[in-house]
Every structure is written in C-alpha cells, then in structure tokens.
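Here's the structure we're looking at; comments come further down.
Everything numeric in this text was worked out from a predicted model, so none of it was measured. Just so it is clear, the values below take in all heavy atoms, side chains as well, and ignore hydrogens, waters and symmetry mates.
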Amino acid sequence: MSLKILVADDEPNIVISIEYLMKREGYTVLVARDGQEALDMIARDRPDLVLLDVMMPKKSGFEVCQAVRASEELQSTKILMLTAKGRDTDLAKGLALGADAYMTKPFSTRELVQKVAEMLGAQP
C-alpha cells in the first residue's frame with residue numbers, strides 16, 4: 001500500500017507540480033485547496049504526510065497545523081510546511097505550532113522529494 005500525502009495549497013500551479021512529483025515517486029496524493037478542506041481531509045483520510053501551505057483561504061496553514069496538533073487522534077500526522085513566507089519569525093512560528101519541517105518557496109523539486117522521503121522514513 002502506498003503512503004498517502006495531502007497537498008494543501010490554493011495555488012493551482014503548485015498543486016499540479018507537487019501532485020505530479022509525488023505520484024511519480026509512488027505516493028497516493030490527495031489535494032485540498034483551502035485550510036478547512038485540509039483539516040476535514042486530514043481527519044477523514046489520515047494522510048501519512050501533509051504538505052501544507054501557510055497562506056490559504058478559510059484557515060491558514062498555521063491554524064491547520066495548530067488544530068492537528070491539538071487533536072489526540074491526529075497529532076501524530078507529519079506536517080511539512082511549504083510557504084513563500086521565509087522570514088525567521090515565520091519559520092519559528094511554524095515549528096512552534098508543531099510542524100515537523102519547513103521549506104520556503106521556491107524550492108527545488110529534488111530537495112522536496114528528498115525531504116518527503118526522509119520524513120516518511122524511506123531511503124532516498
């Protein structure tokens with residue numbers, strides 16, 4: 001059974017490229033286009049990893065991360081925040097709210113694939 005990754009981002013071009021990349025690596029990919037949809041899908045589908053954008057409609061990635069960490073059933077979900085907000089304070093906030101890792105956009109696809117494999121315990 002392949003591992004499930006939820007891509008939570010409201011930018012269609014980013015979603016398309018990450019979805020293609022992750023499927024190529026053999027993962028099952030789910031897509032959420034806003035923070036509320038991401039939270040609903042995390043609760044329902046239990047992805048192994050969430051690639052979470054910070055700036056999204058309805059709920060920000062920070063709010064989603066905080067809600068996941070506050071839920072006993074969901075708190076073990078791995079979260080990799082992907083964002084254009086690259087300031088140290090944003091990074092610190094993401095990690096303080098419980099994100100497992102943080103990557104700033106634009107990122108190299110190779111780096112993303114390596115980070116995902118590392119977070120899911122796969123050998124690159």
Side-chain angles (χ1 to χ4, degrees):
M1 190 173 95
S2 72
L3 294 169
K4 259 192 286 193
I5 294 179
L6 171 62
V7 178
D9 201 310
D10 61 327
E11 179 55 55
N13 294 336
I14 302 243
V15 170
I16 289 166
S17 61
I18 293 177
E19 186 177 14
Y20 170 78
L21 196 60
M22 294 299 125
K23 283 183 174 174
R24 197 183 71 196
E25 294 297 312
Y27 300 110
T28 298
V29 180
L30 308 168
V31 175
R33 303 206 185 278
D34 65 56
Q36 186 57 57
E37 187 181 9
L39 258 183
D40 295 343
M41 290 179 87
I42 292 166
R44 185 182 65 231
D45 300 309
R46 302 294 170 100
D48 298 288
L49 174 65
V50 180
L51 300 179
L52 185 60
D53 183 27
V54 170
M55 293 181 286
M56 286 189 296
K58 297 188 182 168
K59 283 188 183 298
S60 74
F62 290 139
E63 291 171 301
V64 172
C65 185
Q66 198 169 17
V68 168
R69 291 299 177 243
S71 161
E72 219 167 281
E73 302 92 60
L74 304 176
Q75 65 188 204
S76 65
T77 305
K78 288 184 170 68
I79 296 175
L80 170 55
M81 296 198 103
L82 297 173
T83 182
K85 292 169 94 65
R87 296 194 334 253
D88 289 345
T89 52
D90 295 315
L91 187 135
K93 182 176 179 181
L95 296 175
L97 290 174
D100 296 292
Y102 202 101
M103 284 181 85
T104 52
K105 298 174 186 174
F107 45 80
S108 102
T109 53
R110 197 182 76 231
E111 271 180 60
L112 180 61
V113 167
Q114 284 176 329
K115 190 63 165 169
V116 166
E118 178 188 305
M119 289 179 74
L120 293 173
Q123 296 307 309

Practice task
Over all heavy atoms of both residues, which pair between Met119 and Ala101 is shortest? Give the atoms and the distance, please.
Solution key: SD-CB, 3.9 Å

Problem - Arg110, CZ: over 12 other non-hydrogen atoms inside 6.0 angstrom - result: no

Exercise for the section: Evaluate the side-chain proximity of Val116 to Leu51: yes if any heavy-atom separation is below 4.5 Å, no if none is. Expected result: yes

Completion exercise
Of all heavy-atom pairs linking Gly35 and Val64, the shortest is O-CG2, 3.4 Å

Fill in the blank from the handout: For Met41 and Ala32 the tightest heavy-atom approach is SD-CB, 3.8 Å

Handout entry: Heavy-atom side-chain contact between Phe62 and Thr83 under 4.5 Å
Key = no

Exercise for the section: Measure the spacing between OH of Tyr102 and CG of Leu52 and express it to the nearest 0.5 Å. Expected result: 10.0 Å

Exercise for the section: Evaluate side chain to side chain contact (heavy atoms under 4.5 Å, CB included) for Met56 paired with Glu37, printing each intermediate quantity in order. Expected result: CA-CA 10 Å; Met56 286 189 296; Glu37 187 181 9; over 6 Å; no

Handout entry: Heavy-atom pair of closest approach, residues Arg69 and Asp100
Key = NH2-OD2, 2.9 Å

Exercise for the section: Give the cluster check for Ile16 versus Val31: same hydrophobic cluster or not, with ILVMFWY residues linked at side-chain heavy-atom distances below 4.5 Å. Expected result: no

Handout entry: Beyond-backbone contact of Leu80 with Leu112, side-chain heavy atoms, under 4.5 angstrom
Key = yes

Completion exercise
When rounded to the nearest 0.5 Å, the distance separating CG of Leu21 from NZ of Lys23 is 12.0 Å

Problem - Neighbour count above 12 (heavy atom, 6.0 Å) for Tyr20 OH - result: no

Exercise for the section: For Cys65 and Ala99, work out which heavy atoms get closest and say how close. Expected result: SG-N, 3.5 Å

Exercise for the section: May I ask you to test the Asp9-Lys105 pair for a side-chain heavy-atom distance under 4.5 Å? Expected result: yes

Problem - Leu82 and Ile18, any side-chain heavy atoms less than 4.5 Å apart - result: yes

Completion exercise
When rounded to the nearest 0.5 Å, the distance separating CD of Glu63 from NZ of Lys58 is 13.0 Å

Problem - Met55 reachable from Leu97 in the ILVMFWY side-chain graph, under 4.5 Å edges - result: yes

Practice task
State, with a plain yes or no, whether a side-chain heavy atom of Val50 is found less than 4.5 Å away from one of Ile42.
Solution key: yes

Practice task
First locate atom CD of Glu111, then atom CE of Met103, and finally report the distance between them rounded to the nearest 0.5 Å.
Solution key: 4.5 Å

Practice task
Hey, could you give me the CG/CG distance between Asp34 and Leu39, rounded to the nearest 0.5 Å?
Solution key: 9.5 Å

Exercise for the section: Would you indicate whether the side-chain heavy atoms of Glu19 and Ile5 approach each other to under 4.5 Å? Expected result: no

Exercise for the section: State the CD-OG distance between Glu25 and Ser2, to the nearest 0.5 angstrom. Expected result: 12.0 Å

Exercise for the section: With the side chain counted from C-beta on, respond yes when Asp10 and Asp53 share a heavy-atom pair under 4.5 Å apart, and no when they do not. Expected result: yes

